Each structure stands twice: as structure tokens, then as C-alpha cells.
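All figures in this text were calculated on a predicted structure; none of them were measured in a lab. Along the sequence shown, the residues carry numbers beginning at 1. Any value given below was found using the heavy atoms of this structure, including those in side chains, with hydrogens, waters and symmetry copies removed.
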Amino acid sequence: MSTSLADARYFLNRMIGLFRRSVASLRTRGWRATWQRIRVHAQPLPELQRAPLYLPAAAPFAPFAVPYSVEPRVSIVIPVYNHAAHTLACLRALAAHPPHVACEILVIDDGSSDETLQWMPQVQGLRYEVRAANGGFIEACNDGVARSRGAFVVLLNNDTVPQPGWLDALLETFDKVPQAGLVGSQLLYPDGRLQEAGGVVFSDGSAWSYGRFESPDDPRYRALRDADYCSGAALMLPRALWNQLGGLDTRYRPAYYEDTDLAFAVRAAGRRVLVQPASRVVHDEGTSNGTDTGSGIKAYQVRNQGVFAARWAQVLARHPAPGSVPSPALLHRHQRQVLILDERVPQPDRDSGSLRQYNLIRMLLAEGLHVVFVPTLREHAGAPTEALQALGVEVWYAPFLEGVGAWLREHGSRFAVVMMVRHHVASECLPLLKRYAPDARRVFDTVDLHYLRERRGAELAGDAGLLRNAGRTRTRELAVMAASDVTVLVSEAERVQLQADAPAVHVELISNLHEVAGGGASWAERRDLVFVGGFRHPPNVDAMHWFIGEVFARIRAQLPQVRFHCIGADVPPSLQALAASQPGVEIHGFVPVVTPYMEEVRIAVAPLRFGAGVKGKVNLSMAHGQPVVATTVGVEGMHLRDGEDVLVADDAEAFAAAVVRLYRDEALWQRLSAAGLHNVADHFSLDAARDTVRRVFVG
């Protein structure tokens, strides 16, 4: 495919942007850190790594045990009719990798005449139930569920091999998605190719197995997603809903279309039908009934399509016409689709900007929008990428994302809103959006005003070169704002700044977004000081050099037992060396879960001497009832008052005195703790931002 002018401009802008940022990084971070950042951009992306499929080795039968509970939360119902070797492999997989949840396993024998009769009674823990007469798949399933006891029921074919974690992933979906009614597994062929990631139903009742024969790691199939139906080979639903719907409809006896009908009935009852890719099940398709629809039981598939189409004709009228090729655009045609462009997926356990973005995505999903995330570096970030996919976000990455331009050429037209995060990403992508998504609302999320932060850092350092760089950043950032429909800021102080610098820009305020966690431990149960912040951010590096080098010794002189906990990824060697020379300083680096430090440490410090935006570290502490001592820059734009919500000091002696005063004064500590919780609820909670989010993204 030929390269357009927009693609060429994207490449040129990207190269120019990388060069400019590298030059600026050399002045602020030094050559080692800059070279490391350049390598991240230049190195080839690693291949996706996924656990190999578990397939039990064929072996002669010998007695073994499967998971069993007298008080199961989940009942696994496996209908069987001969094919004992397949049933044995399925049970061996369940025994080899038992679920964490309490469960029972029922094999419902619908009239087998092979080794099933001899082998199943020897499997310890298995509930082996023999039906009085053969009735077919539907009757066997209904009978099995009636005999089971769990609050959730699972239908599982005997020609499946469930993969480790499959059942817990299904159940967790119900815990996290309140409207979930039926959740199905991602089905795989034994060779690892995708068999089905949920099904698509067309207006005539015919169906399409979404993703068949493709890679299960393709971004189209890796996110939690609503599906028209999920195969009865592996699905879960609450027993109460099963009973409400009457189980599988016997009009489809002996089999076929009963699972599709069940999914439509679940939706008609106001619940969602979801496919959960984190639940993987290998399915030897066609073992029981073959694949020939011209004869045998498989012929009922053709007959039952007509039965199903007649029953659900009114609903099917809104489905796509047969012959349509399912795609994300088609499957999400009834939703407003939002694209987010950023260099990397958010890592909410590492920085406040990521936490804000992650919570914003949660809000968009709660509004019923379909969210797509494209990291321009094209990397699969592991757990952070999977966390977004678990929410239902369509995240793209290499090798399926070959380039941003080519991807937008194919997908750009489906988006109502595109949000570009940070000015250098926006500068690169704007030409592509104008060509390939011309009707989308362009939203520019500054994260903070970069030119303001750079200018303050240059002034603090007295560096004329950095001051010139800040001026160039200002020009580029304001140009992006002028080319965008909406510019999102994080603080009222930045809004005031822009009223002077660019009064014509349409601005909306979406600040940091936090859950209010509560008060944590009491003053008497807490001790020590803490700082949380990633050290790729120059203001944090400067803050810690100043605090550890000039402030902390003054605090230790009056509080000799106090310790200071410095938390954050990418700690530079210079800071490590400084901390090693100061008694009482503990450099922890990256900590996956910082909650204990918020709930058990007495005071948080935010000794920032330059920066912009809103300081997530301050919000995070206050959301846990942890009072803060900060500089004027540290509390800028955060609706905080010195002595009422926070203590503020800007020189080393005053900052140390404020920390010591708050550390010793229980009444002051309690007052600031309560005020901080109120501040987060009023200004930085999800509820506080909801109206603005709807105005920007929903319209």
C-alpha cells in the first residue's frame, strides 16, 4: 500500500520529536539515562510470550482424584455419551490444575456403552450420575444442573481440555461485572489456533465463530467483550438465572442452537453475555456429532436455525445481514467508540498520570462507550496491557499493529472521539487523524502543561538552554491545542495560565481521579515519612535531592527515630548514593502495592520545587487519610489551604519544622487527615469528574 502525505508527516514529526526530546533529556537527565530512553525507542519489540497449552499425555486408565467440595460455589456439569478417552483427558486436566474456588464435578452419563461405565466410578471426588434413558445433550445438561448444588453452574463438553485458571477467570468476571449473566471461555484448537472468541449471529439466525483459525493473541479477540452467544462447550451462569430462564430450551432437542437461544434469553432478561479470553479451553470440535450437517444429529443444526430465527425474529432484525464480515467496527456498531493514543499503556501502580488515565478509561466504559487503546510504541506491556483487556479495552500491539498510520487507515473511520495524550504524541498523530478520522472529535490531554514545567525547571537551574527549549515546547504545545477541538487540563491554575497564553483554546478540566480509600491506621499506630513518585520525572529527582540532602537531617535532629521511605521506579545512581550517606533513608524503588505505606506511615512529603499540573502523590496520600507536608508548587491548583488541609513550606528549615510539628501534634494530624479526605472526594474523585467526562466524550 502506498504511503500517503499524512503517513510521511507522521514519520517526520516522530523523528523530529525524538531528536528534540533526546537533546532536552541530555541536559536534564545526563547521557546514561538518555541513552537508555533512546534504546527503548530503537530496540525491536520482543515476541509475545504465552504459556503453552496443557494437553494431558495419553496413558492407560488408573484411578485418580478430582477437586470436590461438600459446599461448592461452582458446579461443573459434563454431559457424556461414550467417548470415554475424551472424558478422561478432560478430568485429568481438571485434576492437574484444580481451580481455587470450591467446586464439584458432575459427569452426566446419557447412556454410554464404552469404558465410561468402568472408569468413571473409580475417579475419586467425581459425582458420576447415570441417566435412566438417553435423551440427548439438552436433556442431559438440564438433568445435570438439577442434580448440582453450586451457586454458579458451568456447562463443559467432555471433548475439552480446560487450561489452568480457566474456571477462576470465568467466576471473577461475575465478581467484577455486575450485569454479567453468561460468560463463556475462549475456545482453542489443540494446535493453539483460535476456534471461537464468542459467536456472531446474523439476521437470518446463521452464526459466525469470531476469530476462527486466527491467533488467540490478536487484539480483536484478547479483551473481555460482549458476544451474541458463547458456545455451550464451556460457559458459566448463576444458578438463579438458569432457574429463572428454565435452563436449555427443549424445543431444540436433541441439540444445536440451545446455547445461542440461552444467550439471547439472558440478554432479554437484562443481563450481559460476555466472552472471557483469560479463560482458555481446548475443544476437539465435532468429536461427538461430527461436522457434516447433512446427516445424523448434526442435521438438527440446520433445522434448529429456522426454529431459532422464528423465535427471535424481532431481535434478529437489528443484527447484521448474512455475508457481513465481523470486525470491531461491526461488533461495536451500536456503541460510541473512543480511541486513545499514547506512547505506552498506563501503569497505574507506577505513576499518577497512569492512575488518572486508567480511572478515566473505567469511567468511559461505565458510560457504555467502547474504548480502544493504541500505544504508539506498539509494545505489549504484559500485565498492564492485560489489565486493560480485562476491563474490556481493545488494546493493539505488535505484530498485529504494524504502524499507527496503516492502522488508522483501516480503523480511523469508526471513532467518534480520539484522545491524544501528551503534546509530542499529538503532534505526530494529528496529520493522520485529519486524513483517516476526519469526523472524530480531537481531544488533547496535556497531562500537565509541559512548557510550564520545563520553564520552571530551567529557571530553578538557571539554565538558559533549557529556557529556550521550554519556549520551543510552548510553541508546539499551543499549536496542538489550536488544532484540537478540546484541550483537557488537570488544574485550575493551568486553566488560568492558558487564559493568558491561548484564550481561544476550548478547555475542559479533568483532574486526577482517585477512589476515596478511607482513614487507614490512627495517628498512634503510624510512624515515619514517605514519598511516592517515579524518577523518570525530573521534578521528582530534584525534590528528593533537595529533601534528602537539605531537609531530612534537620528532621532527624528532632525526631531521631524517624525513617524516610522513598518509593518510585527508576531511581538514579546519584540519588542512591546520596541516600546511602544519610542515616534513616530507605530507597525502596518500585513497590507494586503502595497502600500499606499510605495507611501505616504517619506523614507524606511532597517537596517539589518545580513542576506543573496536579500532584497525584498528594491526592494518593489524602485519599488514604494521610496528611501531607508540601511546597507551594506541590499543592498548586489543588484547592488546599495551608494549616487547614495541608502544611506548606518552601525553604529547608521551614519544611523540616512543619514535618516535626505535624508528626508530634495528634490533633493537627487528625484535622488534616479528615480535611484531605474531603478534598479528594470534592475535587479528585470519579464522581467529581463525571459531568465533565460526559461533556467531553459522550457529547
Side-chain angles (χ1 to χ4, degrees), residues 77 79 81 110 135-145 153-157 159 180-185 187 195-212 225-237 241-275 283 285-286 288-326 330-331 333-334:
V77 176
Y81 179 65
D110 197 33
F137 178 81
I138 291 174
E139 288 195 2
C141 288
N142 287 343
D143 188 6
V145 173
V153 296
V154 171
L155 301 185
L156 184 67
N157 278 14
D159 57 355
L182 185 153
V183 182
S185 300
L187 301 181
Q195 184 181 117
E196 181 181 299
V200 179
V201 178
F202 298 113
S203 57
D204 65 347
S206 61
W208 178 297
S209 295
Y210 192 48
R212 183 181 291 267
R225 183 181 57 79
D226 287 271
D228 288 342
Y229 76 92
C230 294
S231 169
L235 60 81
M236 175 187 284
L237 69 167
L241 182 58
W242 172 277
N243 292 340
Q244 175 188 334
L245 300 177
L248 299 180
D249 196 321
T250 56
R251 77 182 72 192
Y252 300 101
R253 285 185 301 189
Y256 296 109
Y257 269 88
E258 72 286 337
D259 47 7
T260 313
D261 181 272
L262 179 65
F264 274 58
V266 166
R267 257 191 311 278
R271 305 287 284 274
R272 295 175 66 183
V273 175
L274 299 160
V275 58
H283 182 215
E285 184 182 39
S288 299
N289 302 318
T291 57
D292 180 10
T293 60
S295 62
I297 290 179
K298 191 73 174 175
Y300 283 96
Q301 182 172 341
V302 177
R303 189 209 74 169
N304 286 348
Q305 178 183 333
V307 175
F308 172 81
R311 183 183 182 197
W312 297 99
Q314 194 170 3
V315 176
L316 289 172
R318 300 191 295 272
H319 282 236
S324 306
V325 177
L330 182 72
L331 299 188
R333 64 195 179 279
H334 298 309

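Of the residues Trp208, Phe264, Phe202, the one that meets the ring-ring contact (aromatic ring centres under 6.0 Å, His included) test with His319 is Phe264.
Taking Tyr252 as the reference, nothing meets the ring-ring contact (aromatic ring centres under 6.0 Å, His included) condition, with sequence neighbours excluded. Every residue meeting the salt bridge (charged side-chain N to carboxylate O under 4.0 Å, His left out) condition with Arg251, not counting sequence neighbours, appears here in chain and number order: Asp249. Partners of Asp143 by salt bridge (charged side-chain N to carboxylate O under 4.0 Å, His left out), not counting sequence neighbours, listed by chain and number: Arg131, Arg147.
The nearest pair of heavy atoms linking Leu187 to Ala233 is CD1-CB, 4.1 Å. Listed here is the closest heavy atom pair of Asp228 and Val201: OD2-N, 2.8 Å.
Expressed to the nearest 0.5 Å, how far CG of Leu262 lies from CH2 of Trp242 amounts to 6.5 Å. Here OG1 of Thr250 is found 7.5 Å from CD1 of Ile138. Values are rounded to the nearest 0.5 Å. Summarising the geometry, atom CZ belonging to Arg267 is positioned 11.0 Å from atom CZ belonging to Arg272; distances are rounded to the nearest 0.5 Å. Rounded to the nearest 0.5 Å, atoms CG (Leu182) and CG (Leu235) are 5.0 Å apart. Once rounded to the nearest 0.5 Å, the distance linking CG of Asp226 with CG of Leu331 reads 10.5 Å.
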With side-chain contact (heavy atoms from CB on, under 4.5 Å) as the test, would you mind laying out the steps for Thr260 and Trp312 before giving the verdict?
-> CA-CA 11 Å; Thr260 313; Trp312 297 99; over 6 Å; no

Going through the checks in order, is the side-chain contact (heavy atoms from CB on, under 4.5 Å) test met by Ser206 and Gln305?
-> CA-CA 7 Å; Ser206 61; Gln305 178 183 333; 3.8 Å; yes

side-chain contact (heavy atoms from CB on, under 4.5 Å) between Val183 and Cys230: does it pass, once the steps are laid out?
-> CA-CA 7 Å; Val183 182; Cys230 294; over 6 Å; no

Between Leu155 and Val145, does a side-chain contact (heavy atoms from CB on, under 4.5 Å) hold up when you go through it step by step?
-> CA-CA 9 Å; Leu155 301 185; Val145 173; 4.1 Å; yes

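Asp110 places a side-chain N or O within donor-acceptor distance of the main-chain N or O of Gly135, the cut-off being under 3.5 Å. Asn304 contributes a side-chain N or O that, together with a main-chain N or O of Tyr256, makes up a donor-acceptor pair within less than 3.5 Å. With hydrogens and angles disregarded, no donor-acceptor distance shorter than 3.5 Å links the side chain of Asp259 to the backbone of Ser231. Tyr257 contributes a side-chain N or O that, together with a main-chain N or O of Gly205, makes up a donor-acceptor pair within less than 3.5 Å. At least one donor-acceptor pair under 3.5 Å links the side chain of Arg271 to the backbone N or O of Ala180.
Looking at Val153 and Leu237, their side chains come closer than 4.5 Å, going by heavy atoms from C-beta outward. Glu258 has its side chain out of reach of Cys141: every pair of non-hydrogen atoms, C-beta onward, lies at least 4.5 Å apart.
Relative to the ring axis of Phe308, Arg311 does not place its NZ or CZ within 45° and under 6.0 Å from the centre.
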